[in-house]
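The structure under discussion appears below in the form of structure tokens.
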Amino acid sequence: MGLHLTDWCRKVGLEVVAACDRDPERRAVARAQLPEAALVEQWQELLEHHLDGVVLANDFDEHAPLAIAFLDRGVHVLSESAACVDAAEGERLIAAADRSSATYSFAENYVAHPHVRLLRQAIEGGELGRISLIEADYLHGMSPDEVASLIGDPAHWRGRIAPTAYCTHTVSPILALTKAWPGEVSAFSVDEADPRAAVVMAVRLSTGALALTRHGFLQGEADSHWSWISVRGTKALAESVRATGERSWSVRVRAEGWAAPEGHACEEERTPPPFTLAGEPVARGAEGTVRVLRAFRATMEHGEQPLVPVRPAVAASLVRRGRRGVPRQRFSPGPSTCYDDRPTTSHGSGRSRHPQLTLTTPDGKVRRHLRPVVAPTTDSSLNRPASNSQSGAPPIDSGLNLPLPLPGGSLDQSVVGPGVPLTGAQWARIEPLLPERTPQGVAAGATIVR
């Protein structure tokens with residue numbers, strides 16, 4: 001990816017003066033392509049090169065420490081992959097960006113792909129009304145052997161990250177299109193027989209809309225750079241066309257008769273205009289990358305705002321962890337929600353605000369009434385003594401992690417609300433997952449808390 005971005009950097013007018021790779025064979029390849037550039041083995045050496053900007057294209061889960069170091073040196077950062085791996089790292093990254101004379105940009109090319117830009121035009125033109133449901137896919141229809149070679153090696157970053165982690169190509173376009181922030185997240189492996197292959201996430205957005213994302217390895221990939229997006233509003237629908245080749249970048253817009261001026265259902269297919277660079281056409285799949293790099297150059301040279309700045313980057317990267325919202329001043333200057341691992345407090349109460357624990361029952365319904373709360377006598381909804389009562393023990397912490405599926409399979413009975421006791425088997429499965437006894441190796445991204 002580093003050499004791929006190097007090529008496009010030069011095409012948009014950026015001078016590549018240095019590069020880093022720990023692999024000597026890769027450095028040799030880079031030497032052939034970048035004969036005038038300084039090539040180093042350790043990234044720290046680049047800190048002494050007085051750079052204007054740096055493109056981080058190292059391993060997926062190792063970007064934040066480098067970004068912070070360069071920001072502290074006043075070097076503009078374009079981070080090609082996940083902004084951070086946890087909330088603490090996200091906070092440090094945001095703090096570094098806020099105090100730096102330079103800027104942080106997230107190289108999320110999917111927010112600038114042709115079909116996403118068409119969807120944005122329909123939304124901003126008011127054609128769809130208020131968005132109520134938005135869906136996004138980022139799927140690869142690869143063979144089982146190819147998938148195993150990518151995610152089966154624990155020494156490779158694809159093998160060590162959680163299956164929920166690579167969510168930014170779906171979440172970032174959703175946040176950009178809705179101008180919303182993630183508030184409540186539920187993540188599920190698609191197939192329990194192969195839980196690492198693909199994930200579905202349901203995200204409650206700050207606008208009240210619901211977002212559904214699918215990413216990983218499933219059959220039926222989209223020709224539009226593996227991306228398909230659908231937006232349903234209160235007035236109309238706009239979605240990527242499921243087709244092959246050039247049509248996959250088009251968008252279908254449909255309004256029913258009651259919402260159309262003509263009085264009958266209207267449907268049209270819109271095609272994105274051609275995009276050129278230095279007078280030459282740019283392939284559809286490369287448009288997003290070119291627009292990201294152009295924006296990065298404009299940020300460095302003219303002080304323009306990053307296409308995807310640090311706070312949306314952190315929000316998209318942390319959705320996969322399924323954490324609840326934190327106080328707005330932590331991650332955003334405006335109405336927004338992001339994530340944190342620490343308990344927050346209710347205004348004026350001085351007590352921890354406890355999470356709402358959501359479980360999916362065997363009938364497929366999500367029940368949202370099971371709360372680990374502080375009670376003065378007994379916690380009847382959990383059918384156990386009040387070991388966390390106000391009488392002395394500290395309140396239950398807020399960092400719940402539920403592995404998917406729950407140990408031992410699905411629940412024995414539906415959980416329908418406070419006062420419905422759990423069976424002994426259910427409680428035996430749930431109790432070890434409460435924060436004061438969180439087991440090692442809990443699956444990332446499997447939390448549903450508010």
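Note that this is a predicted model, so its numbers are computed, not measured.
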Gap between atom OG of Ser81 and atom CD1 of Ile161 - 0.5 Å precision: 7.5 Å
Min side-chain heavy-atom separation Thr207-Ile131 under 4.5 Å: no
Residues Arg254 and Glu239 bridged, charged N to O under 4.0 Å: no
Closest approach of His215 to Ala165 (non-hydrogen atoms, all atoms of both residues): NE2-N, 4.4 Å
Over 12 non-hydrogen atoms of neighbours within 6.0 angstrom of CZ in Arg232: no
Closest non-hydrogen atom pair between Ala136 and Thr170, with its separation: O-CG2, 3.6 Å
His115 and Trp249 aromatic ring geometry - parallel, tilted or perpendicular at 30°/60° bounds: perpendicular
Donor-acceptor pair, side chain of Ser317 and main chain of Ala83, under 3.5 angstrom: yes
Parallel, tilted or perpendicular, as decided by the 30° and 60° cut-offs, for the rings of Trp226 and Tyr138: perpendicular
Intermediate values then yes/no, salt bridge (charged side-chain N to carboxylate O under 4.0 Å, His left out), Glu124 and Lys179: CA-CA 11 Å; Glu124 293 181 349; Lys179 295 181 171 59; 3.2 Å; yes
Leu78 side chain reached by Leu293 side chain, heavy atoms, under 4.5 Å: yes
Backbone of Arg130 reached by a side-chain donor or acceptor of Thr234 within 3.5 Å: yes
More than 12 heavy atoms of other groups within 6.0 Å of Gln305 CD: no
Presence of salt bridge, Glu146 and Arg158, under 4.0 angstrom: no
Least distance between heavy atoms, Pro195 atom then Glu192 atom: CD-O, 3.4 Å
Gap between atom NE2 of His140 and atom CG of Leu150 - 0.5 Å precision: 8.5 Å
Side-chain heavy-atom pair Pro309, Thr103 within 4.5 angstrom cut-off: no
Donor-acceptor contact present, side-chain Asp153 to main-chain Gly159, <3.5 Å: no
Main-chain N/O of Asp61 paired with Asp59 side-chain donor or acceptor, under 3.5 Å: no
Donor + acceptor pair across side chains of His63, Ser79 (<3.5 Å): yes
Any donor-acceptor N/O pair, Lys11 side chain to Val290 backbone, under 3.5 Å: no
Derivation and outcome, side chain to side chain contact (heavy atoms under 4.5 Å, CB included), residues Leu205 and Leu175: CA-CA 9 Å; Leu205 300 174; Leu175 300 185; 4.1 Å; yes
Leu277/Arg294 under side chain to side chain contact (heavy atoms under 4.5 Å, CB included): CA gap, chis, key distance, verdict: CA-CA 10 Å; Leu277 179 64; Arg294 275 183 163 180; 3.4 Å; yes
Matching residue for His169 among Trp228, Tyr110, Phe106 - test: ring pair (Phe, Tyr, Trp, His ring centres under 6.0 Å): Tyr110
Residues, nucleotides or ligands: over 12 heavy atoms within 6.0 Å of Arg26 CZ: no
Gap between atom OG1 of Thr213 and atom CE of Met201 - 0.5 Å precision: 3.5 Å
Expected output: side-chain Glu80 to main-chain Ala107 donor-acceptor under 3.5 Å: no
Steps toward side chain to side chain contact (heavy atoms under 4.5 Å, CB included) verdict (Val111, Val308): CA-CA 8 Å; Val111 304; Val308 182; 3.8 Å; yes
Test: Asp72 and Arg99 ion pair at under 4.0 Å: yes
Sidechain-backbone polar pair: Glu221 side chain, Ser227 backbone, donor-acceptor under 3.5 Å: no
Atom pair CD (Glu135) and CG (Leu210), whose distance is rounded to the nearest 0.5 Å: 8.5 Å
Under 3.5 Å: donor-acceptor pair, side chain of Ser248, backbone of Ser224: yes
4.5 Å side-chain heavy-atom contact, His76 and Ser100: no
Check: Val199 main-chain N/O paired with Ser189 side-chain donor or acceptor under 3.5 Å: no
Side chain to side chain, Ser230 and Leu237, heavy atoms closer than 4.5 Å: yes
Whether over 12 other heavy atoms sit under 6.0 Å from Arg160 CZ: yes
From Ile68 atom CD1 to Arg92 atom CZ, the distance as rounded to the nearest 0.5 Å: 6.0 Å
Taking every non-hydrogen atom, the tightest pair across Leu93 and Ala67: CD1-CB, 3.8 Å
Side chain to side chain contact (heavy atoms under 4.5 Å, CB included) evaluation trace for Trp43 with Asn58: CA-CA 10 Å; Trp43 67 266; Asn58 54 312; over 6 Å; no
Residue pair Leu46 / Cys20: nearest heavy atoms and the distance that separates them: CD1-CB, 3.8 Å
Test: Arg117 cationic atom under 6.0 Å from Phe275 six-membered ring centre, within 45° of axis: no
Nearest-0.5 Å distance that lies between atom CG in Leu218 and atom CG in Asp191: 9.0 Å
Closest contact, heavy atoms only, His225 versus Asn109: CE1-ND2, 4.2 Å
Ser206 side-chain N/O to Ala180 backbone N/O, donor-acceptor pair under 3.5 Å: no
Parallel, tilted or perpendicular: ring planes of Phe60 versus Trp157, cut at 30 and 60 degrees: parallel
Flag side-chain contact, heavy atom, 4.5 Å: Val55 against Cys9: yes
Pair Asp98 + Arg311: basic N to acidic O under 4.0 Å: yes
Sub-4.5 Å side-chain heavy-atom contact between Glu108 and Pro312: no
Arg247 side chain reached by Glu269 side chain, heavy atoms, under 4.5 Å: yes
Name of the residue among Val253, Leu128, Leu177 meeting side chain to side chain contact (heavy atoms under 4.5 Å, CB included) with Leu119: Leu177
